[in-house]
Amino acid sequence: MGDNNHSTPTGAPLQPGSPVSREAPANNAGSASSASRPSSRLTPCQIHLSFDDVSALVLANLSPSPQATVITLEGLRAQLSEAGYGAFYAPTATLEALVQQANSGKAGQLVVAERRDARMEWHISRDRMTAELTLHAAWGGRAVTDRDLAKALQDQGVPQACWLRKTLGRVLRQGHAEAVIVARAVPPKEGQNTRFHSLVAREEDLNLEEDARGRVDLYHLHDFVVVEPGTPLMRRLPATAGEPGLTVLGEPLAPKAGRDRPFDPKSEGVSPAPDDPDLLVADIRGHPVFSGAGVRVDPTLRLKAVGLESGNIDFDGSVEVAGDVGSGFVVKATGDIVVRGMVEKADVSAGGSLAILGGVMGEEVGKRHDGDLQLRTHLSAGGILSAKFINLAEVRAKGDIHVREYVLQSRLKAGQDIVLGQPTGKGSLIGGWAHAGRAVIVNRLGSEAGVATEVSVGRPPEKSRRLQSLKQALELCEHNWHKVVETLQCIERGERSAPASEKHQRLYVTRDALRTRRQRLLTLIERLASRRQSSDTCRVEVKRQQHANISLTVDGVRRYDSLEHGPSCWVRIGAELLNRP
């Protein structure tokens with residue numbers, strides 16, 4: 001019947017069998033004396049119930065009566081219910097004492113029940129982040145309403161924004177609660193860091209578009225985006241201060257402001273708009289190359305082909321080749337490279353993305369010391385590398401490698417994903433070795449002839465080694481640069497005999513080249529030091545058919561498979577590779 005230790009809203013606490021002497025009959029003592037005398041037969045008492053509205057107590061008047069019968073505990077409770085006091089607070093011990101006295105024929109007046117209103121107790125946590133409510137149920141008295149709860153919360157100083165309205169509704173329906181949290185502080189909203197939005201399409205934003213026959217226009221996919229001077233390129237959204245929170249007593253909670261960040265100061269070919277310092281616009285005509293916090297505009301070098309007429313290409317910007325890259329030639333660019341024809345036995349290196357709309361036809365020139373094929377064709381990209389097909393080539397990309405048709409006896413290494421044949425094309429990976437930082441996704445893996453094929457995914461722990469290598473190269477570059485600068489200074493001061501004009505000019509060219517290399521090394525070191533490990537699940541996914549003689553490695557766990565499989569997806573679970581198609 002609830003907690004018997006609750007205090008009544010009015011009057012004294014109800015105790016089991018409490019007599020009320022102020023209303024006891026005058027012959028109460030005489031009755032007690034006669035009850036103490038021996039009697040051969042006890043006369044039970046008649047019980048008359050009455051309610052005192054001032055004290056909110058139900059009184060039982062006992063008087064012996066020949067018409068009275070022996071009463072039980074259940075009968076007494078039934079009598080209380082019939083009189084309208086069944087919902088009142090009536091401890092079992094009190095009722096049992098009354099039954100015993102009535103059945104023994106002892107006259108008197110006793111407190112038998114009490115009407116109690118519902119009562120609330122509040123507790124605010126020390127940190128003022130929560131407010132707890134203990135609600136003592138009503139016993140025939142007034143229950144708590146939603147208005148009572150709202151007023152009590154307001155009296156406690158709890159703002160409505162902190163109220164847990166569903167919890168309050170549940171407490172009202174139950175009619176009682178024990179230390180239930182009904183209000184909680186509103187946490188502050190952290191401010192957003194500075195964000196940078198590109199205002200022109202990036203190459204990675206361009207999607208494959210198929211015609212009615214399922215063919216893909218790769219010319220459109222990898223076409224350069226060329227901007228004119230004054231074109232808006234990037235919008236900077238400054239950091240925000242955040243929104244303050246509230247404690248359950250209405251005190252403000254200070255938010256954490258976002259981290260402010262300016263545009264990348266190394267951005268070239270761009271400048272802030274005259275009327276808007278948070279907008280970068282192009283200064284020159286060229287191809288925009290985006291970084292995390294900036295954009296530069298590279299002038300684009302356009303060539304009909306790379307061959308005897310052009311010679312080797314080493315360009316600080318982006319390059320577009322309308323035809324083929326001939327055998328034996330080298331093409332290097334700090335920006336993006338697009339080759340609309342074929343790449344034969346050549347070296348092609350892009351600081352940005354590399355798109356070969358035709359195929360790559362390489363050549364084997366012997367064996368390496370480890371027994372692998374020594375390949376003549378080398379391709380590398382700082383972003384995404386894509387081609388129609390690749391044969392006998394060594395390929396490196398910091399981003400993804402996308403090949404539409406097939407890769408045959410090549411070595412691939414991608415910082416993120418290697419994707420073959422998606423969404424159209426054969427998508428076959430046959431022989432050689434392929435490593436991706438996150439996922440290898442192909443339509444077919446291996447061949448019916450069982451050509452040995454090795455695939456691995458996951459980022460090897462070589463970040464520290466790479467950093468050390470870059471720092472050593474930077475140290476050597478700075479040493480050589482200082483030597484050249486000192487030599488030029490001596491020549492200009494006349495402390496050393498001046499060399500021939502052509503040699504003098506070469507020193508200036510060497511100095512500028514070393515300065516450029518030093519800046520690139522610093523950029524690489526900064527990017528590598530701030531790079532985070534990918535949180536995506538590494539996997540090798542085969543869409544259609546996996547042939548035999550396949551070596552799979554996922555995050556350092558290796559598995560050799562001599563069986564054929566249908567569609568499969570290999571992931572690392574603990575120390576095992578499991579197929580989860």
Side-chain angles (χ1 to χ4, degrees), residues 215-216 218-219 221-222 305-307 321-332 337-350 353-368 370-381 384-397 399-414 417-422 424-436 440-456 540 542-551:
R215 296 177 299 185
V216 179
L218 294 178
Y219 284 80
L221 174 64
H222 294 291
V306 175
V321 181
D324 299 337
V325 176
S327 177
F329 288 92
V330 176
V331 179
K332 293 182 180 179
I337 296 178
V338 171
V339 180
R340 300 190 178 277
M342 296 278 295
V343 172
E344 299 181 11
K345 299 175 282 294
D347 292 346
V348 182
S349 176
S353 62
L354 170 58
I356 303 171
L357 305 187
V360 179
M361 185 61 68
E363 181 182 59
E364 171 191 353
V365 291
K367 298 283 187 179
R368 301 193 312 183
D370 58 1
D372 278 352
L373 297 179
Q374 187 172 351
L375 305 176
R376 175 64 188 84
T377 302
H378 298 84
L379 309 175
S380 66
I384 298 174
L385 189 150
S386 60
K388 184 177 181 181
F389 66 86
I390 298 176
N391 180 29
L392 291 170
E394 185 156 348
V395 182
R396 299 286 186 270
D400 295 347
I401 295 177
H402 295 272
V403 182
R404 181 179 177 186
E405 297 299 335
Y406 64 84
V407 175
L408 179 62
Q409 292 292 2
S410 298
R411 289 191 291 271
L412 310 181
K413 185 175 182 181
D417 298 339
I418 295 176
V419 182
L420 274 67
Q422 309 300 320
T424 61
K426 295 179 181 179
S428 299
L429 177 60
I430 304 172
W433 171 84
H435 172 81
V440 172
I441 305 172
V442 300
N443 287 342
R444 299 182 182 275
L445 182 58
S447 67
E448 295 179 355
V451 177
T453 306
E454 184 175 354
V455 176
S456 66
V540 177
V542 183
K543 298 286 188 180
R544 300 177 188 170
Q545 183 70 36
Q546 177 178 325
H547 295 283
N549 201 12
I550 304 296
S551 175

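When reading the values below, keep in mind they use all heavy atoms of this one structure, side chains included, and skip hydrogens, waters and symmetry mates.
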Report the distance from atom [atom1] of [X] to atom [atom2] of [Y], rounding to the nearest 0.5 Å.
{"X": "R444", "Y": "H547", "atom1": "CZ", "atom2": "NE2", "result": "6.0 Å"}
{"X": "I430", "Y": "L420", "atom1": "CD1", "atom2": "CG", "result": "10.0 Å"}
{"X": "I384", "Y": "L354", "atom1": "CD1", "atom2": "CG", "result": "11.0 Å"}
{"X": "S380", "Y": "K413", "atom1": "OG", "atom2": "NZ", "result": "12.5 Å"}
{"X": "M361", "Y": "N391", "atom1": "CE", "atom2": "CG", "result": "5.0 Å"}

Partner of L379 by side-chain contact (heavy atoms from CB on, under 4.5 Å), out of I337, I356, V339: I356
Could you go through the side chain to side chain contact (heavy atoms under 4.5 Å, CB included) check for S456 and W433 one step at a time? CA-CA 8 Å; S456 66; W433 171 84; 4.2 Å; yes
Charged N-O contact under 4.0 Å between E405 and K388: no
Can you list the residues that meet the salt bridge (charged side-chain N to carboxylate O under 4.0 Å, His left out) rule with D417, with sequence neighbours excluded? R438
If the condition is salt bridge (charged side-chain N to carboxylate O under 4.0 Å, His left out), which residues does R376 pass it with, not counting sequence neighbours? D347
Looking at [X] and [Y], would you say the former's side chain and the latter's main chain have a donor-acceptor pair under 3.5 Å?
{"X": "S353", "Y": "L385", "value": "no"}
{"X": "D324", "Y": "M342", "value": "yes"}
{"X": "S551", "Y": "E454", "value": "no"}
{"X": "T453", "Y": "V451", "value": "yes"}

Apply the test side chain to side chain contact (heavy atoms under 4.5 Å, CB included) to residues I441 and K543: give CA-CA distance (whole Å), side-chain angles for both, the deciding distance (0.1 Å), then the verdict. CA-CA 7 Å; I441 305 172; K543 298 286 188 180; 3.8 Å; yes
Applying side chain to side chain contact (heavy atoms under 4.5 Å, CB included), run through L412 and V403 and close with a yes or a no. CA-CA 11 Å; L412 310 181; V403 182; 5.5 Å; no
Where do R396 and E394 land on the side chain to side chain contact (heavy atoms under 4.5 Å, CB included) test, with the steps shown first? CA-CA 7 Å; R396 299 286 186 270; E394 185 156 348; 2.9 Å; yes
Count the heavy atoms belonging to other residues, nucleotides or ligands that lie under 6.0 Å from CD of E364, then report whether that count exceeds 12. yes
